[in-house]
Amino acid sequence: MRAVIAALALAVSAAAFAIDAERAFDDPALQERYEHLTRELRCLVCQNQTIADSNATLAQDLRREVRELMEEGKTDGEIHEFLTARYGDFVLYNPPVKPRTYLLWAAPVLLLAGGLGAAALVIVRRARAARENPEALERDPETETP
Amino acid sequence: MSRYLKFLIPGVLFLILVVFFVIGLQRDPRMIPSPLIGKPAPEFALEDLSDPQRTVGTSDFAGRMYLFNVWGTWCGGCREEHEALLMIASSGVVPIVGLNWKDDRSLAQRWLRQLGNPYETVAFDPEGQVAIDWGVYGAPETFLVAADGTVLAKRIGPMTMDVWQREFLPLISGSGGAS
């Protein structure tokens, strides 16, 4: 039992890998901010990795840049702005909400609404069919079992 | 809803999806459009590759159109495009300014001695600081900068005579930057 709990705890715990050889900041709060920031910035050479994951030299340079900007007292928003001005929105793992991305951000809601609509339609039609002709439903070839 | 429609709707949705995939798969994900196009070129001042005492910077090219080429001796694509750069340089249409990116000074100097030097000057950027300002993520990259300092175009990957003639030359004659 204990082993199972331990395994579960390991499975759900957030992975905490070291990014650089040494901690970027002594202050734990700053270090956490740094790690959070680097985990949502894309490494542009190895495009499916964040700059925290990647060992590419560009990722190392960008981490250094983020660290320096933080030391200058820049906010997360300002750091995002600094990087998008140079590399475009592609550098952000979270695409910003703007006219070009409205459809992207609305897609989950639209798909859910479409699915609910379709489900409602089917339920209403089946209910009506059942009311009008209760036996027909039982004879439905799709639901019939031998 | 007729039986016909029941198959038509998923069919149409599938076709739309196919169109998206066909377009998406034909785009090269490595070509990230530069947000710098149409904006002023980032300013810099760095050591000259051939002479550490000298400074190379954007102010040296104020009022002139130039090509800004990012390269390194570790970069295979740079070797590939070198011939094209030499030809562009000898055509004399625009000067080429080099940015030697995250490289070794003596290796870079030897490269230019052995393969020929297409650059008017080369700035030495071992830390990659200026490269970040220009949004460089993979050498070679080539920018066309107008006389007023605006970035007109960017080529990601090796420059070829074909790309030069098709994408860059029309911009140069269009804005009257040729000397």
Side-chain angles (χ1 to χ4, degrees), chain A residues 38 41-51 54-69 72 74 79-93 95-96 98 100 103-104 107 110-111 114-115 117-126 128-129 141-142, chain B residues 1-3 5-10 12-13 16-17 20 24 27-44 68 70-77 99-104 125-141 143 151 154 156-157:
Chain A
T38 52
L41 293 170
R42 188 191 303 275
C43 167
L44 293 106
V45 213
C46 29
Q47 296 186 347
N48 291 325
Q49 284 189 301
T50 64
I51 62 169
S54 174
N55 264 327
T57 51
L58 180 70
Q60 292 170 10
D61 287 355
L62 287 174
R63 286 203 295 271
R64 186 195 62 211
E65 198 68 47
V66 168
R67 202 158 55 227
E68 283 171 7
L69 289 169
E72 285 168 26
K74 296 274 197 298
I79 294 173
H80 283 165
E81 234 169 74
F82 176 92
L83 287 163
T84 48
R86 287 158 177 77
Y87 291 101
D89 289 340
F90 193 65
V91 76
L92 304 175
Y93 257 103
K98 46 163 80 171
R100 261 190 79 177
L103 189 61
L104 177 73
L110 291 178
L111 287 174
L121 205 71
V122 169
I123 291 168
V124 166
R125 282 204 353 241
R126 291 252 168 127
R128 192 185 299 146
E142 284 173 31
Chain B
M1 203 190 292
S2 72
R3 262 192 194 276
L5 216 57
K6 207 165 165 179
F7 292 103
L8 190 71
I9 291 177
V12 168
L13 287 177
I16 293 174
L17 210 61
F20 267 93
R27 293 168 75 176
D28 186 348
R30 303 219 143 256
M31 302 292 170
I32 304 164
S34 172
L36 282 178
I37 309 280
K39 301 232 173 70
E43 286 181 16
F44 67 88
F68 185 71
V70 183
W71 64 284
T73 55
W74 45 267
C75 141
L99 182 75
N100 183 245
W101 184 36
K102 296 188 80 72
D103 205 353
D104 178 271
D125 187 18
E127 300 292 320
Q129 188 65 47
V130 170
I132 288 180
D133 283 343
W134 284 71
V136 169
Y137 60 89
E141 291 186 14
F143 299 79
V151 178
K154 177 179 181 183
I156 296 155

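So you know, we letter chains A, B, ... as the sequences are listed, proteins then strands, and number each from 1.
Every ring-ring contact (aromatic ring centres under 6.0 Å, His included) that B/Phe143 has, sequence neighbours left out, goes to B/Trp134.
Across all non-hydrogen atoms, the minimal contact from B/Tyr137 to A/Val45 is O-CG2, 3.7 Å. The nearest pair of heavy atoms linking B/Gly128 to A/Asp61 is CA-OD2, 4.1 Å. Closest of all the heavy-atom pairs between A/Gly88 and B/Pro35 is N-CG, 3.3 Å.
Only the side chain of B/Ile32 has a heavy atom closer than 4.5 Å to any heavy atom of chain A. Neither the backbone nor the side chain of A/Leu83 comes within contact range of chain B; no heavy atom of the residue lies under 4.5 Å from a heavy atom of that chain. Neither the backbone nor the side chain of B/Trp74 comes within less than 4.5 Å of any heavy atom in chain A. In this structure, no portion of A/Gln60 lies under 4.5 Å from any heavy atom of chain B. The contact between A/Leu44 and chain B is made by backbone and side chain atoms together, counting heavy-atom distances below 4.5 Å. For A/Tyr87, the parts lying near chain B are the backbone and the side chain together; criterion is any non-hydrogen pair under 4.5 Å.
B/Ile132 CD1 to A/Glu68 CD: the interatomic distance, rounded to the nearest 0.5 Å, is 8.5 Å.
Pairs engaging residues 129-140 of chain B under the salt bridge (charged side-chain N to carboxylate O under 4.0 Å, His left out) rule: A/Arg86-B/Asp133 [sequence neighbours left out].
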| Do B/Trp101 and A/Thr57 pass the side-chain contact (heavy atoms from CB on, under 4.5 Å) test, and can you show the C-alpha distance, the side-chain angles, and the key distance before you say yes or no? | CA-CA 11 Å; B/Trp101 184 36; A/Thr57 51; 6.0 Å; no
